[in-house]
Structure formats: C-alpha cells, structure tokens
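Can you keep this structure in mind? I'll have questions shortly.
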Amino acid sequence: MDLQRSLSADTAGDVRLKDRITFALSNLPRLFSCHICGKTFRQRGNLMIHLRIHTGERPYSCTMCEKTFSQSSHLLGHMRSHRGEKPHQCDHCGKCFSESSSLKLHKVIHTGERPHSCQLCGKTFIKRSNLLRHMRTHTGEKPYVCETCGERFTLSTSLKSHNAIHTGEKPYHCKTCGKMFRQSHHLLFHMKTHNQIHTGERPYSCKTCGKSFNQSGNLMAHQRIHTGERPYSCTTCGKTFSQGSNLLSHMRCHTGEKPHVCETCGERFTTSGSLKIHTTSHTGERPHPCQACGKTFTTRCNLLRHMRMHTGEKPYPFACSTCGKKFYQIYLLKYHERTHTGEKPYSCKICAKKFRCSDSLLVHMRIHTGEKPYGCKTCGKRFICTSNLKSHTRIHTGERPHSCKTCGKSFTQRGSLTVHMRTHTGEKLYSCKACGKRFCQSGTLLIHMRTHTGEKRYSCKICEKNFTQSSHLLRHTRTHTDEKSS
C-alpha cells in the first residue's frame, strides 16, 4: 500500500515537471531573426525559407512548365494542376482544389469572411499577405530595387519581370510550339489554352457581331464594346475602362511610371505595346501589309482602319439619334452625344474649365503643369499631346493626307478638311446669340463676339494699340517696320 502511494506521488510529480518544461519551452524567446526585416522564428529552417522572400531565390522548379517556387510544398501542390489531381473538396458546393490552402480561401466565398482589415482605410482582405501588399499603397514602400536602373517595386515578382526587360531573357518556353515567355504564369496560361491556341480553335463567339475567341474571358471583355460597360474607374480622374489591365496602364499617366525602356535610344513607355510600336521607328519594320494596295503599317489597327478605304465598310452599329453619325463603340457614341446636349462632366480643378471627356481634361492639365511629353525627332519641338506632334511632323514630311473630293485641296489635319467642306456645303453650325449671324467655324464666331463685347486682346508692343484679331495686329505691326525701313 505504501509502495503504491509512493509510485502515485512520483507519477504526479513527473506530470507536474513535464507541464513545467512544456510551459518553459513555449515561452522561450524566438532565437532566429531575419537580419533584413527583423522578423523572428523558432526554427532555423523557417528562417531560411523566409530569407528567400528577400533574395528572390526559388530553388524548386516544375519539370513540366518550368515555374519556380521557394518551397517544396508549393511545388508539390502545383504539380497537381498538371496531373488534374484535386483531393480537397468544398462541403458547400462540391468544387475541388489541388491544395488545402486554395480550398480554405474558396470557403470565404460562402462565409463572406475577410478577417484581415486595413487600419487606415478599413478595406478588408481574405489573406494577410494581401493586406501587407495593400499597406504599401499607404506607406509608398517599394522594397525591391532594380540593380540596373534603380527603379523600385512593391512586389518581388514585379522586379523579376522588370529585370527581363534589361536582359531580354525569356526563360519559359512552350514545349509544343516553342513560344517564349518572360513570366512563368504567362506560360502556364498559354499551356492551359494550348489546344485552342495551337489548333486555331475559337469556340467562344459574340452573339452581337459574330467575332470568335479562344477564351471565354476575352469574349466577356469584347462584349463590353457592345454593352458600353466600363467597370474599372480611375480614382484620380474618374476615367473608366472595360478591362482592369487598361486601368493599370492608365494609372501610370498619373504616377509618371514608365517601366518599358527602348534599348536603342533609352526612351521610356508606360506599356509594352507602346514600346513595341516605337521599336519599329528604329528597325523600319512595318509588318502589316494591305493585300489590296501593298501599303504597310506598323500596327494591325492602322491596317484595319486603312482597309475600310478599299471595302467601304463601316461596321459602326451605334448611331446617334440626333444626327445619325455612327460609332463602333457605345462609349464613343456617349461622348459624341454630349456635343448635342452640351454636357461637360469633367472640370479642371485649377481654372474650372469643363470638358466632355476625361482625355481632354488630362491634356488640358498639361497647360497648367507645363508638361510636354511628346517631342519632335527632327527639330526637338515638344507638344502636350500626340495628335499635335503628328500634325507638326507633317511640316517636315510635307504629307497632307486629307484631301477634298470636291476641289482636291489637301490638308494636314482631318479637322481642317471638315471645316473646309463647309465652304462647299454652305453649312454654318455656329450662330451669334447677340445678332443671329452664323459661321462655319467656332473660332470665327469667337472673333465675331468681340465686336459685341468690345474686347481687344491683341496689343502692339511698340505703340500699345489694341486689336480684336491677331491678323489685324500682324498687319499693323508691318506699318512700324515699314517706317523704320524708310
């Protein structure tokens, strides 16, 4: 009996000792800390994995698509996407996933749970990593730096993609067609649709115009042309877009970011497409020829626009109910309708001038900022918009592509031709509210209005005499030069 009590006491003592040891171990300090960001870990292995976030090291690669991973567990989960293996099933809807983490994220669709919230703006996120990434929009932190040009990025993946611009490296290639890609997820996306891409199959067709696509996502984006839906809006200027990628490219107009660099002249661009078009100015390449007349173009859209001259086709399904003018996209029709209604929803915060579309407001703002991003390669003169540069360039080339079918007179700008045509039709759209006199140009009406207001904005610097028109001032100035010459 005494022996049994003794054994029980010893056993109870061992349990208490074990509890004390467990408690002590659980409260030991985290011994392994990251020398870059200071984060601490209990195990050295976890620290080594964490360091790959800073170094960008991804030692585990997929043998099928060459995508790389920082952890072997991530590679194992990824391999299931190739095998089609999806062992994790949702209890609510039955959808299956290759990884348990993907299932966990999916379940919040049913629960609506977004447990990670931003303390500054209140926005909530499903994953903590998404919250951390979002916080950089408030702090402006860009921890990843390009060693070549010094540009900074918020994500390591963005830096990796950017580096390929300098090296020209495209390490990921399709084993079926040999196409090369800079980023692994571009290859993965290509591989998922490779049967349609390689065979030319386009199973998704638009019910409105019949155009077909190899991906349902592309069809959905295309249909917004007909519906006019533009769900992505710029928080800075309010401009809307049909695709999220277009909004991201547009945001660079405000941030000034131009990540795409020409290797020949060093000029920078906001989109890879703009860089590709610019590159043809060095190579002289015009890869899109017209089958009817042989004329070549740098972009396919310019070729399609040109082809309408031969076919006479005007595939514009949206017509203005006021004047009958037709448009290919409904948002262009909406912009046009404002010419009849007079609606100008976009206003300048500096001078309060109003505009029908956000593009016009963006160009106008450069008048206040003095920004002239477009330069003439011949004489160096700079302009606030590409259309002005294009018109100016014709001074050097002598090109006058817009000709009148009635008298044959040609012009450098389409707008000048439109105004000229009114001399043949007798059309006078602009009328004076004071006397009712009508004019074919808005500029002529503005000059006429000064006869009522008495405004004389042009002043002679020699005798300070004032004039209503610049041409009258120019004529007057010659009287001073003639007197000096005599």
Next item on the list: Taking all heavy atoms of His402 and all of Arg394, pick out the closest pair and write down the distance.
Entry: NE2-NH1, 4.2 Å
Margin query: Taking CZ in Arg414 as the centre, count heavy atoms belonging to other residues, nucleotides or ligands within less than 6.0 Å. Is the count above 12?
Written below: no
Checklist line | Exercise: identify the closest heavy-atom pair between Ser242 and Glu229 | finding: CB-O, 3.8 Å
Check: Hey, mind stepping through Arg114 and Thr124 against side chain to side chain donor-acceptor pair (under 3.5 Å) and telling me if it holds?
Finding: CA-CA 6 Å; Arg114 298 173 74 87; Thr124 56; 3.2 Å; yes
Next item on the list: Of all the heavy-atom pairs spanning Lys325 and His336, show the shortest one and how long it is.
Entry: CD-CE1, 4.0 Å
Check: side chain to side chain contact (heavy atoms under 4.5 Å, CB included) with Leu131: which of His116, Gln119, Lys123?
Finding: His116
Next item on the list: Considering non-hydrogen atoms only, spot the tightest contact between His134 and Cys118 and give its length.
Entry: NE2-SG, 3.5 Å
Next item on the list: Decide whether Arg230 and Thr240 meet the rule of one side-chain donor and one side-chain acceptor closer than 3.5 Å.
Entry: yes
Next item on the list: Determine whether Asn130 and Arg133 make a side-chain contact, defined as any pair of heavy atoms from C-beta on separated by less than 4.5 Å.
Entry: yes
Notebook entry, point to check: Where do Met365 and Leu362 land on the side-chain contact (heavy atoms from CB on, under 4.5 Å) test, with the steps shown first?
Noted result: CA-CA 5 Å; Met365 288 302 294; Leu362 283 174; 5.7 Å; no
Margin query: Could you check whether any side-chain N or O of Ser391 sits under 3.5 Å from a backbone N or O of Asn388, counting only pairs where one atom can act as donor and the other as acceptor?
Written below: no
Next item on the list: Would you name the heavy atoms of Ile384 and Tyr374 that are closest together and state the gap between them?
Entry: O-CE1, 3.6 Å
Margin query: Less than 4.5 Å apart, side chain to side chain, heavy atoms only: is that true for Pro231 and Arg224?
Written below: yes
Next item on the list: Take Leu51 and His35 through the side-chain contact (heavy atoms from CB on, under 4.5 Å) test and state the conclusion after the steps.
Entry: CA-CA 9 Å; Leu51 282 169; His35 66 280; 4.0 Å; yes
Margin query: Using 0.5 Å steps for rounding, measure from the CD atom of Glu343 to the NZ atom of Lys334.
Written below: 10.5 Å
Next item on the list: Mind listing the closest non-hydrogen atom pair of Phe297 and Cys290 along with its distance?
Entry: CE1-CB, 4.4 Å
Notebook entry, point to check: Between Met251 and Leu248, is a side-chain contact (heavy atoms from CB on, under 4.5 Å) present by the stated rule, with each step listed?
Noted result: CA-CA 5 Å; Met251 287 302 293; Leu248 289 174; 5.5 Å; no
Note to self: Using side chain to side chain donor-acceptor pair (under 3.5 Å), reason through Thr296 and Arg286 one step at a time and then give a plain yes or no.
What the structure shows: CA-CA 6 Å; Thr296 56; Arg286 298 172 71 88; 3.3 Å; yes
Checklist line | Candidate pair Leu219 and Gln223, rule side-chain contact (heavy atoms from CB on, under 4.5 Å), full reasoning | finding: CA-CA 6 Å; Leu219 171 61; Gln223 284 175 333; 3.9 Å; yes
